[in-house]
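To start, the structure under review is shown below, and the notes come after it.
Protein chains get the first letters and strands the later ones, always in sequence-line order, with residue 1 at the start of each.
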Amino acid sequence: MIKAITGTKDILPNEIPNWNNLEDIVCNAMKAFNYKEIRTPIFEETRLFSRGIGEATDIVGKEMYTFLDRSETSITLKPEMTASVVRALLEHSLDKQNQLNKLFYISPMFRQERPQAGRFRQFNQFGAEALGSISPALDAEMILLAYQILKRLGLSNFVVKINSLGVPSSRENYKNLLKEYLSDKLNDLSEESQKRYETNILRLFDSKDRDDQKIMEHAPLLIEHLDDESLEHFEEVKQMLLSAGVPFEVDPKLVRGLDYYTHTTFELVSGSVGSQSALCGGGRYDLLVKQLGERDVPGVGFAAGIERILLAMENEKVMPEFIPQIDYYIVRLEKELSKKVFEIANNLRKEKSVEFDYTQRSVKAQMREANRLGAKKVLMIGGSEYERGMVVLKNMSDGSQEEIAIKEFE
RNA sequence: GUGGGUGUAGCUCAGUCGGUUAGAGCGCCUGGUUGUGGCCCAGGAGGUCGUGGGUUCAAGUCCCAUCUCUCACCCCA
């Protein structure tokens with residue numbers, strides 16, 4: 001039997017209402033904050049991601065679905081959306097048409113990792129990007145937006161973590177400080193962390209190695225060595241979150257894996273899913289656009305994992321229940337009336353949802369099916385009523401029925 | 001890429017110290033009088049026990065391999 005590729009999933013009809021519900025809530029929230037939807041291709045030239053996300057990141061280094069097409073161009077299925085959105089912005093000069101572009105998306109992404117709870121190779125994200133302003137109000141808005149969406153979906157068991165990475169100049173100073181602190185402890189670090197000491201020293205804070213954590217516990221923190229401008233930016237973000245009533249905690253060790261972040265980074269972390277607990281992550285990226293084009297456009301954004309959110313909703317038992325319903329089921333008493341049923345059904349279908357039996361089942365079986373489908377009303381065609389030009393209309397909720405002229409349905 | 005667990009009906013699972021026709025619940029189908037659902041009752045369909053080897057008189061059960069799914073590491077949404 002041919003099966004879906006490892007790490008991919010079919011979303012079956014009975015799950016679709018949950019997806020539609022989530023997408024509706026996302027779209028409505030985005031609309032409320034005046035974000036406009038954007039859709040970009042599923043694949044891009046590989047160098048968009050290698051340049052945009054960063055060669056040293058895990059995503060680019062070992063997780064991308066990359067292949068050569070027939071003209072030998074290196075193609076990659078998008079592992080995240082920010083680089084694509086920025087590409088589209090520059091390609092169509094949206095940044096010149098509007099000073100500020102507030103965009104959102106809902107789209108599948110692809111990463112070749114080992115699947116586990118809350119992690120898939122094809123997964124869906126919704127997210128938002130605001131391009132064109134350095135205002136901390138937008139950093140706060142992103143966090144508020146993500147927070148509100150999760151709340152509207154019914155989730156409560158999650159926390160908002162924020163941090164600031166400052167600007168590159170203050171970060172460089174800090175990195176040197178950190179290197180100095182670690183210089184005599186290098187041999188005590190795990191192998192992985194020793195590598196990161198060279199490639200991306202900030203990520204040492206992420207290490208789950210006990211000994212590493214012990215060492216890092218006393219390390220100087222970036223947030224204590226920010227320049228004044230970065231501090232002020234961060235302070236304003238926090239003030240606005242407070243005034244918006246968004247509870248948050250500052251996590252100085254929150255260092256995100258993508259190269260392009262500056263200033264604010266944040267995560268919304270659930271306590272209701274497995275170890276893949278980040279429902280949503282994002283931050284400010286004032287340098288990315290320049291890296292991909294010649295123009296200098298600041299930006300801030302977030303991405304949220306739909307599968308993880310649905311999983312959290314299930315575990316928190318806040319998934320709304322959707323009971324299937326149709327307006328009419330048409331029961332045919334004599335099988336010679338099949339053509340009549342077909343005609344009436346299609347008339348009703350101009351306005352209502354209608355179903356009928358396509359096989360030759362008994363009246364009892366048809367009624368059972370009507371009940372199974374959640375039909376509000378059953379139209380019975382045939383017998384003496386039909387000869388008098390009437391049909392029986394049965395109300396399935398209370399079992400009452402009445403005769404109505406068949407003309408009403410023709 | 002590394003490690004642990006798992007695989008029996010459409011679904012959730014039981015199956016004893018290896019022993020004869022492999023079970024349950026749910027779901028599905030049919031029926032419980034001539035043309036009526038939900039509840040109840042009766043009956044029915046549906047399984048090469050993941051796959052391939054091996055041990056044995058005998059394997060769903062033991063051993064090996066392989067695949068699958070799954071959880072965790074890693075990383076992230």
Could you tabulate the donor-acceptor pairs under 3.5 Å formed by side-chain atoms of residues 8-17 of chain A, not counting sequence neighbours?
unit_1 : atom_1 : unit_2 : atom_2 : d
A:T8   : OG1    : A:I5   : N      : 3.3
A:T8   : OG1    : A:I5   : O      : 2.6
A:E15  : OE2    : A:L12  : N      : 2.9

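Qualifying ring pair (Phe, Tyr, Trp, His ring centres under 6.0 Å) partners for A:F158, counting only residues two or more places apart in sequence or in other chains: A:Y147. Residues forming a side-chain hydrogen bond (donor to acceptor under 3.5 Å, both in side chains) with A:D327 (at least two apart in sequence, or on another chain): A:S353, A:K376. For A:Y285, the ring pair (Phe, Tyr, Trp, His ring centres under 6.0 Å) partners at least two apart in sequence or on another chain are A:Y260. Evaluation of the ring pair (Phe, Tyr, Trp, His ring centres under 6.0 Å) rule for A:Y386 yields no partner, not counting sequence neighbours. Residues passing the salt bridge (Lys or Arg N to Asp or Glu O under 4.0 Å) test with A:K364, sequence neighbours excluded: none. The side-chain hydrogen bond (donor to acceptor under 3.5 Å, both in side chains) check on A:D95 picks up A:R295, with sequence neighbours excluded.
Between A:S384 and B:G35 there is no side-chain N or O to OP1 or OP2 distance below 4.0 Å.
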request  = Using a 4.0 Å heavy-atom cut-off, write out nucleotides 43-50 of chain B from 5' to 3' as B (base contacted by protein), S (sugar-phosphate only) or - (no contact).
outcome  = --------
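Salt bridge present: A:K340 and A:E410 bring a charged side-chain N and a carboxylate O closer than 4.0 Å.
Each side-chain hydrogen bond (donor to acceptor under 3.5 Å, both in side chains) pair with one or both residues in residues 164-186 of chain A, not counting sequence neighbours, appears once here: A:S170-A:D227. Applying the ring-ring contact (aromatic ring centres under 6.0 Å, His included) definition to pairs two or more places apart or across chains, those involving residues 346-383 of chain A are A:F356-A:Y358.
For the pair A:R119 CZ and B:A72 P, the computed distance is 9 Å after rounding to whole Å. In this structure, the CD atom of A:E307 is 18 Å from the P atom of B:C76, given to the nearest Å.
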message = Dot-bracket, 5' to 3', for RNA chain B please: Watson-Crick or G-U pairs under 3.5 Å, [ ] where pairs cross earlier ones, | where the partner sits on another strand, dots elsewhere.
response = (((((.(..((((.....[...)))).(((((.......))))).....(((((..]....)))))).)))))....
Pairs under 3.5 Å (N/O, protein and nucleotides 2-6 of chain B):
unit_1 : atom_1 : unit_2 : atom_2 : d
B:U2   : O4     : A:R114 : NH1    : 3.1
B:U2   : O4     : A:R114 : NH2    : 3.3
B:G3   : O6     : A:R114 : NH2    : 3.3

